[in-house]
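What follows is a single structure, written as structure tokens, with notes after it.
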Amino acid sequence: MYALVDGNNFYVSCERVFRPDLKHRPVIVLSNNDGCAIARSNEAKALGVAMGAPWFQIKHLEKQAGLVALSANFELYGDMSDRMMRIASALGHGQEIYSIDESFIDLTGVPGDLVAHSHKIRSRILQRTGIPCGIGIGATKTLAKLANHVAKTAERKPGSYPEQLAQVCNLGTMNQTELESVLRATEVQEVWGVGPRISKQLNEGGIKTVLDLIQMDVAAARRGWSVGLERTIRELQGTPCIGLDDAPSPKQEIACTRSFGKPVSDFDPLREAVTEFASRAAIKLRKQCSLAGHIKVFIRTSPFRDVPQFSRFAMVPLLRPTADTTVLAHAAVMGLKAIYRSNFKLSKAGVILMDLQSDQVKQGELDFGDAVDGSRVRLMSAMDALNHRFGRGAVYLASAGNKGIKRAWSMKQERRTPAYTTRLSDIPVVRA
DNA sequence: TCTGGGGTCCTAGGACCC
DNA sequence: TCTGGGGTCCTAGGACCC
């Protein structure tokens, strides 16, 4: 058995912990650059704000309906996530942290009433972090996901499912009739692994509810779609195909990409941006003890704007795999030089580290006199240590531009709340 | 004016091999 | 008239996830 613990409207819930005045009001959190809605309170959902809705299209709701929009504050969400995950792990014996607000728990060998136990953990998370959760339980991860959807929907939309399934839902203990009525009440697009494309195709073939999907012939699913859909159906039928991944393997790619606050045409700001992105990606790379073999750089115009379009990338091979910020940033800028053209209003750039491998692998090579210099590795460790101790940006490459000055390409974040839990200067003060 | 960022997996098709 | 068969590896692109 698996459980899925998932924070409700997670980013909004994090904000509400420190802004109780936002409770019961329509609130959304915006993506970087204050671009579009990436989290919505129930009240905002009820207003009809869609996931991913561009802010400029819904901005009128600010005055019309009291909609509150906040800039994304990932420093806060990451810390709140750590706290929630720690408490959630007590639900079972193994935990896979699947995303910032979700974790799967292995319930194998957990004795007693799983629903009562889950309610207890749910209350503990709410009490100690302020984050409300939904917990779904099922024989497979896909069923646990589905149960979680039921638990959250039953709470948010009374009448959608039986009331007692709200907050915690165990599909594993339902009788056939109850289970079928839940499956019939749920549309295929709610299933984990079935996206908009496949659900549309399934609907056209008359498969509309999860009950229809569960009864589908797995061979036909494989022929018509892929092994992925076959696996999803088998999981829905109760055959585990996806195990708990509680020791995630290192990333195979590490990216840092950003849209700019406003369009950029000149080379210098692009060089700064690409240097900055390469530096940030390199930090992540060293954190997982990897080296990169290739670095990909791209720049592009906005596909949403009616301007001459431009989109190019360069793949730069590294002489030898490295995690050295200066080498990676230099390679990225070389790539940028190769693809840069003036006279375009560029809106986004990014760097992707590829062909990653462990930093423990020693590649035998001929010595051409420029072999890996241990002092460079120590320099990187020193940089990481300084930035960790004194905050990001304490030391950085000069070619990333002066961080003390507003950089032409920096992103827009006009509505960001403080880092309440991670910066001394931002910690709330309680007055007697 | 204004539309996110960071990943994974699967498949088809081409290059290449004998 | 008529142009093999079987395999691997790599890559680009699609679909999906949050």
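Below, chain A is the first sequence line, B the second, and so on; all start at residue 1. Keep in mind the model is a prediction, meaning the values are calculated, not measured.
- When each of A:D34 and A:W225 is assigned the nucleotide of DNA chain B with its nearest heavy atom, A:D34 is the one assigned upstream, toward the 5' end.
- Going from atom CE of A:M85 over to atom C1' of C:dC18 covers 11 Å, rounded to whole Å.
- Closest to the side chain of A:R305, from the set C:dC17, B:dT1, C:dC18, is B:dT1.
- Salt-bridge check for A:R415 with A:E62: passed, with a basic side-chain N closer than 4.0 Å to an acidic carboxylate O.
- Electrostatic pairing of A:K141 and A:E96 counts as a salt bridge here, judged by a charged N lying under 4.0 Å from a carboxylate O.
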Give the dot-bracket line for DNA chain B from 5' end to 3' end: parentheses for intra-strand Watson-Crick or G-U pairs under 3.5 Å, square brackets for crossings, | for inter-strand pairing, dots for unpaired.
....||||||||||||||
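- Of the charged side-chain nitrogens involved, none lies within less than 4.0 Å of a carboxylate oxygen, so that A:R19 and A:E15 do not count as a salt-bridged pair.
- Checking B:dG4, C:dG14, B:dT11 against every side-chain atom of A:V227, the shortest atom distance belongs to B:dT11.
- Considering only the side chain of A:I198, C:dC16 comes nearest among B:dG4, B:dT3, C:dC16.
- Closest contact between the side chain of A:F304 and the listed nucleotides B:dT11, B:dG4, C:dC16 involves B:dG4.
- Nucleic acid contact class of A:P303 (heavy atoms, under 4.0 Å, all strands): none.
- Here the C1' atom of nucleotide B:dG7 and the CG atom of A:D245 are 13 Å apart, to the nearest Å.
- A:N33 comes within 4.0 angstrom of no nucleic acid atom, judged by non-hydrogen atoms across all strands.
- At a non-hydrogen distance threshold of 4.0 Å, A:Q252, A:E253, A:I254, A:A255, A:C256, A:T257, A:R258, A:S259 from residues 252-260 of chain A come into contact with DNA chain B.
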Where do A:Y2 and A:W192 land on the ring pair (Phe, Tyr, Trp, His ring centres under 6.0 Å) test, with the steps shown first?
CA-CA 14 Å; A:Y2 293 97; A:W192 189 41; 9.9 Å; no
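- Taking the charged nitrogens against the carboxylate oxygens, A:R231 and A:E235 have no contact shorter than 4.0 Å, which rules out a salt bridge.
- When all heavy atoms of A:K145 and A:F104 are compared, the closest pair comes out as CG-CZ, 3.9 Å.
- With A:D324 as the partner, the side chain to side chain donor-acceptor pair (under 3.5 Å) test is satisfied by one option alone out of A:R286, A:R376, A:H330: A:R376.
- Among the heavy atoms of the strands, none lies under 4.0 Å from A:K59.
- Straight-line distance from the NZ atom of A:K345 to the P atom of B:dT3: 13 Å, rounded to whole Å.
- In this entry the distance linking CH2 of A:W192 with C1' of B:dG7 reads 14 Å, nearest Å.
- Rounded to whole angstrom, the span from the OH atom of A:Y98 across to the P atom of B:dC9 amounts to 11 Å.
- Residue contacts for A:V29: at a heavy-atom cut-off of 4.0 Å it reaches no nucleic acid atom on any strand shown.
- Look at the P atom in both C:dC18 and B:dC2: the space between them is 30 Å, to the nearest Å.
- Remark: A:K412 is not in phosphate contact with B:dT1, judged by side-chain N or O atoms under 4.0 Å from OP1 or OP2.
- Salt bridge A:R83/A:D79: present, at least one basic N to carboxylate O contact under 4.0 Å.
- The aromatic rings of A:F260 and A:F277 sit parallel, their planes meeting at an angle under 30°, below the 60° perpendicular limit.
- Ring pair A:F344/A:F310 is parallel by interplanar angle, where below 30° counts as parallel and above 60° as perpendicular.
- Comparing B:dG5, B:dT11, B:dG7 by their nearest atom to the side chain of A:K251 picks out B:dG7.
- When rounded to the nearest whole Å, the span between CZ of A:R280 and C1' of B:dG6 equals 13 Å.
- Between A:K296 and A:E253, no side-chain nitrogen of the basic residue sits less than 4.0 Å from a carboxylate oxygen of the acidic one, so the salt-bridge criterion is not met.
- Between A:L70 atom CG and B:dG4 atom P there is a gap of 18 Å when expressed in whole angstrom units.
- Under 4.0 angstrom from either OP1 or OP2 of C:dC18 there lies at least one side-chain N or O belonging to A:K145.
- Following rounding to the nearest Å, A:K296 (NZ) and C:dG13 (C1') show an atom-to-atom distance of 11 Å.
- OP1 or OP2 of B:dC9 has not a single side-chain nitrogen or oxygen of A:R231 nearer than 4.0 Å.
- Among the protein residues, A:G193 comes within range of the sugar-phosphate backbone only, with heavy atoms under 4.0 Å from sugar or phosphate atoms but none that close to a base.
- The 5' end of DNA chain B is approached more closely, in terms of each residue's nearest nucleotide, by A:M51 than by the other of A:M51 and A:K284.
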